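Note on naming: letters A, B, ... go to the chains in the order of the sequence lines (proteins, then strands), and numbering restarts at 1 for each one. What you see is a predicted model; the values in this text were computed from it and never measured.
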2 protein chains.
Amino acid sequence: MRIVYKNAVSLCSIQEGRYDWLLAHERKRRIIDYVRQYRTATVAQLAQEFGVHTATIRRDLAEIEQEGALKRTHGGVIMEQWTRNEPSFNERANVHREEKIRIGQLAASLVEDGENIIIDSGTTTLHIATHLIHRSDITVITNDMNVAVELRDAPGIKVILTGGELYPSSYMLNGMFTDHVLGSLHVEKAFIGTPALHPQHGLMHPEALLVPAKQGMIRAAGEIVVVTDHSKIGKLSLHTVAPNSAIHTLVTGTEASDADIRPFQERGITVYRA
Amino acid sequence: MRIVYKNAVSLCSIQEGRYDWLLAHERKRRIIDYVRQYRTATVAQLAQEFGVHTATIRRDLAEIEQEGALKRTHGGVIMEQWTRNEPSFNERANVHREEKIRIGQLAASLVEDGENIIIDSGTTTLHIATHLIHRSDITVITNDMNVAVELRDAPGIKVILTGGELYPSSYMLNGMFTDHVLGSLHVEKAFIGTPALHPQHGLMHPEALLVPAKQGMIRAAGEIVVVTDHSKIGKLSLHTVAPNSAIHTLVTGTEASDADIRPFQERGITVYRA
DNA sequence: CAGATAATGATCATTTTTGTTCATTTTTAT
DNA sequence: ATAAAAATGAACAAAAATGATCATTATCTG
């Protein structure tokens, strides 16, 4: 951001039409935006960002905290968190965590500004959401409350949660309403996670209840991107969600071997290893 | 447009060449447009933009504020909408917290095993969910992710989240999908929270976007239970969500006076003070 | 065209906001 | 645990914005 001090008076200093000193009110609003984007900020950072004294930032933060939007700490502010973490969820998330983060980052880079996308429920797909926070003009449809919460404060992102029944002890929505919402939408891309991806049988899943939602996502999207860590490749499971011919792109980790991915490449699927 | 000849022409006005010869009224209209576009503006910005003295802008702003279109602040103006910030969730949750807990507990006791109920989004209604955790054989439909998460691990409770768009910086779902889901359900009871309950006008709400969801909940339920702390009783707001005749039961706190609740009792509404 | 009326610009005392300093508290490193 | 470093809040000074007043300019009316 370009900072122009108030007392630097130049009559015709309209440069690219943006005036760069802020109303106190606007500054407070932007502080909130800033912290929502980056989750945390120091007083010094904010003072520099907005070109004001740290005392001013402290005064602003005191007011903002009073309003309840953010939580102050020594040295800065953080977002008031929704951390009611499920142990089993965390456990799953920590298996191949590094790989999943890389996959999420790469998958997020496949999303272009202005697109509407579907993000499936899952630990890997959640990392896609995390990497979309700073993006703008994107609509995300998801059946995962974690994804929704992750993107809740992202100013450039509109979040639509499919309705449905809360799958026991998870943050995932399923059932008739989910299917109905997905059936009435069309998006550019769908990012689908999976516990089993087989060279012959394609996308598979052990739980029949969850199959229709995934199939609905696949039907609703023009391009299907499957994201999964390397350990799921080659696995079999009970139900076939979709054949490999429905998949356009596969994002996995560098841990996946050439042999793992070759069958998919041969079927015309673009494979990325993050 | 009327032409006004001025002899004092500022350099910037020549360069800009757009806003030089404006009638006062036209200028005011454009100020409003400008602020609508940029969300905020400083007096200095506007003075430069329209080539008039800051005192003139101040006079304009005073009138505009009088008319209610914009909100003045020190140094400039902002859009009213952004000032009249609904207090954040955390802030609201802490106002009358004890009373809301009592209301939630009493309201929860109105739910019988085996029933299907709707729980509206809100801080008071969230306490209803909290008091339902140990109950069994209850289906809860809600448009609030907080309610859903609260009941996520309750073994005896099935949770259905309506779909919809995530209302910015909240945990509330709204929009077409919400309305559709609510339109296809019927439940025994709906627990509705409200920021304004008026003896004559009934259930009111300041935000038009959120009205259809509440109306959908009311239509979907056989019995309407309004839960609200005493401070909301007697308040007016912009939109009428439902007349008092639609309400069957009102749960509020002991803080509510006899005079507060009498009008509702006279209309046949059962009133509980928790 | 002259005078009335309204709008604008300039000045200044007052109020609000921001910057500075410093004693105190909290965090970090030893 | 103790000392050094950093952050904080409070008090005060400086700067900027405001409202009121009054002079000036532009438009309207007869």
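We find that NE2 of A:His25 is positioned 16 Å from P of C:dT16, with the value rounded to whole Å. For B:Glu63 and C:dA7, the CD to C1' distance is 10 Å, given to the nearest whole Å. The nearest whole Å value for the distance from the CD atom in A:Gln48 to the P atom in D:dA7 is 13 Å. Rounding to whole angstrom units, CD of residue B:Glu65 and P of D:dA17 are separated by 18 Å. Rounded to an integer number of Å, the gap from A:His53 NE2 to D:dA7 C1' is 12 Å. Counting to the nearest Å, the P atom of D:dG9 and the CD1 atom of A:Ile57 are 13 Å from each other. Distance, B:Asp60 CG to C:dG9 P: 10 Å, rounded to whole Å. To the nearest angstrom, P of C:dA7 lies 10 Å from CZ of B:Arg27.
Between A:Arg102 and A:Thr254, the side chains place a donor N or O and an acceptor N or O closer than 3.5 Å (distance only, hydrogens not considered). Between B:Ser231 and B:Asp229, the side chains place a donor N or O and an acceptor N or O closer than 3.5 Å (distance only, hydrogens not considered).
Set against C:dG9, D:dT18, C:dT20, the side chain of B:Arg72 has D:dT18 as its closest nucleotide. Here the side chain of A:Val43 is nearest to one of D:dT8, C:dG9, C:dG19, namely D:dT8.
The side-chain heavy atoms of A:Thr73 and A:Val77, taken from C-beta on, include no pair separated by under 4.5 Å. Looking at heavy atoms from C-beta onward, B:Tyr171 lies out of side-chain contact with A:Met145 at the 4.5 angstrom threshold. Within the 4.5 Å cutoff, the side chain of B:Ser121 has no heavy atoms near those of the B:Val147 side chain.
For B:His201, the ring pair (Phe, Tyr, Trp, His ring centres under 6.0 Å) partners are B:His198, not counting sequence neighbours.
Note on B:Lys28 versus B:Asp33: no salt bridge recorded, every NZ/NE/NH1/NH2 to OD/OE distance being 4.0 Å or above.
Under 4.0 angstrom from either OP1 or OP2 of D:dA6 there lies no side-chain N or O belonging to A:Arg58.
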Quick test: give all pairs of protein nitrogen or oxygen and nucleotides 23-30 of chain C nitrogen or oxygen below 3.5 Å, distance rounded to 0.1 Å.
{"unit_1": "C:dT26", "atom_1": "O3'", "unit_2": "A:His74", "atom_2": "NE2", "d": "3.2"}

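As judged by a 4.0 angstrom heavy-atom cut-off over every strand, A:Thr42 is placed among residues making no nucleic acid contact.
Side-chain N/O atoms of A:Arg59 and base N/O atoms of D:dG9 include no donor-acceptor pair closer than 3.5 Å.
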